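Treat the numbers as computed from the prediction; the structure is a model and nothing was measured. Atom set for the values below is all heavy atoms of this structure, side chains included, hydrogens, waters and symmetry mates excluded. Order of appearance sets the numbers: ligands from 1, and atoms from 1 within every ligand.
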Amino acid sequence: MNLTSNVRPADMERITTEALANAFIDEQVSALRAQIGDGKVLLALSGGVDSSVVAALLIKAVGKQLTCIHVNHGLMRKGESQQVIDVFCGELGANLIYIDATDRFLDKLAGVSDPETKRKIIGGEFIRVFDEEAAKLTGIKFLGQGTIYPDILESDGVKAHHNVGGLPEDVQFELVEPVKLLFKDEVRVVGKALGLPDEMVYRQPFPGPGLGVRCVGAITRDRLEAVRESDAILREEFAKAGLAGKVWQYFTVVPDFTSTGITDGKRTDAWPVIVRAVNTKDAMTATVEHLDWELMDRITDRITHEVKGVNRVLYDCTPKPTATIEWE
Ligand code: XMP
């Protein structure tokens with residue numbers, strides 16, 4: 001594949017099988033070695049499927065010439081940063097710099113309730129943290145990026161539209177974008193062939209600002225924890241029910257209001273958790289998954305008993321439009 005072209009050749013076969021993925025991997029490894037030579041590459045590794053596949057390809061091609069930076073903004077899902085460390089440091093032997101910037105992000109976000117301001121703070125802070133770490137490294141010539149074909153096709157698409165973050169524009173790196181002519185399903189097949197865990201390869205879409213847009217209004221640490229814990233329970237119960245990978249996106253939201261409840265004979269004043277589960281092709285419109293009531297009962301029971309500060313569970317029955325998928 002021509003690494004400099006932004007146009008997918010009309011006769012390029014869809015990568016649907018392991019054999020095709022292996023052929024793509026071999027071709028890319030040679031192309032990456034030719035492009036990079038003995039240069040050094042930097043990559044922001046979020047743990048999402050695109051950047052993970054790019055990291056795994058680069059490790060295969062140039063090994064320790066790649067440095068990955070994983071910024072934990074404190075808005076990751078439960079266990080996600082640890083998985084990035086386990087897979088990339090533990091299994092793949094990557095050069096990985098892990099930055100726990102939780103306090104920095106949450107301090108900046110304290111008291112901020114406007115959704116777009118929250119997004120801008122998260123995006124801006126991400127660039128600053130990444131920039132600071134990059135400045136400590138010497139001799140970096142290349143920047144790896146998980147651009148995929150829909151990002152090129154729809155420069156006004158969801159990712160471009162929402163990604164107020166992205167990476168520094170003023171850095172003079174040469175871009176390395178080995179999956180830029182692939183569609184998402186092909187990236188997943190390649191990821192699987194590279195040996196990445198299913199949880200990473202079939203990961204549902206997760207917004208750049210993470211749980212920050214699901215902790216509605218001004219983020220507080222206790223309510224953020226309620227989002228993270230309820231999300232973990234939801235994912236676990238969906239997996240047990242065989243729905244993981246079948247429902248396009250599912251998550252929990254915790255709004256910034258409380259309601260009255262009763263626990264152990266005492267009145268409580270606690271948050272509701274809103275469960276959202278949707279299906280879509282392109283995220284521009286979406287329908288609601290019709291959840292089984294028994295499953296909903298189990299989820300409600302676990303969330304109300306296991307998540308601190310919560311006394312109610314609600315299901316969001318609204319398609320897009322009129323609602324958006326996320327709450328902010
Ligand atoms: P909405 O809420 O606009 O979401 O219907 C459509 C899809 O985009 C994801 N999303 C984001 N992705 N940064 C991202 O990278 C963001 O700020 C952002 N906001 C929404 C959302 O999860 C859904 O898949």
Q. Below 3.5 angstrom, do we get any N/O pair linking Glu328 and ligand 1?
A. no
Q. Are Arg276 and Asp231 ion-paired here, with the side-chain N under 4.0 Å from a carboxylate O?
A. no
Q: Apply side-chain contact (heavy atoms from CB on, under 4.5 Å) to Ala56 and list each qualifying residue two or more places apart in sequence or on a separate chain.
A: Leu92, Leu194, Leu196
Q. Between Tyr149 and Arg8, is there a donor-acceptor pair closer than 3.5 Å when you use the side chain of the first and the backbone of the second?
A. yes
Q: Answer yes when Lys308 and Glu225 have at least one side-chain N-carboxylate O distance shorter than 4.0 Å, and no when they do not.
A: no
Q | Interfacing atoms of ligand 1 (cut-off 4.0 Å, heavy-atom, Thr324) | A | 1 (P), 2 (O), 5 (O)
Q) Do any nitrogen or oxygen atoms of Gly208 come within less than 3.5 Å of a nitrogen or oxygen of ligand 1? A) yes
Q) What are the atoms of ligand 1, with element, lying closer than 4.0 Å to any heavy atom of Pro209? A) 13 (N), 16 (C), 17 (O)
**Q.** Per atom 1 (P) of ligand 1, closest listed option by heavy atom (Val278, Ile325, Thr280, Ile122)
**A.** Ile325
**Q.** Part of Trp248 within contact of ligand 1 (heavy atoms, under 4.0 Å)
**A.** side chain
Q) Going by distance only, is there an N or O of Pro207 that falls short of 3.5 Å from an N or O of ligand 1? A) no
Q: Might you confirm whether atom CD of Glu199 has over 12 heavy atoms from other residues, nucleotides or ligands at distances under 6.0 Å?
A: no
**Q.** From Thr280 atom OG1 to Gln249 atom CD, the distance as rounded to the nearest 0.5 Å
**A.** 9.0 Å
Please tabulate, for the side chains in residues 237-248, all donor-acceptor contacts under 3.5 angstrom to protein atoms that are two or more places apart in sequence or on a different chain.
{"unit_1": "Glu237", "atom_1": "OE2", "unit_2": "Lys240", "atom_2": "NZ", "d": "3.0"}
{"unit_1": "Glu237", "atom_1": "OE2", "unit_2": "Arg302", "atom_2": "NH1", "d": "2.9"}
{"unit_1": "Lys246", "atom_1": "NZ", "unit_2": "Gly242", "atom_2": "O", "d": "3.3"}

Q) Arg214 to ligand 1: N or O pair under 3.5 Å? A) no
Q.
Only heavy atoms of Arg119, strictly under 4.0 Å: list the atoms of ligand 1 that pass.
A. 16 (C), 17 (O), 18 (C), 19 (N), 20 (C)
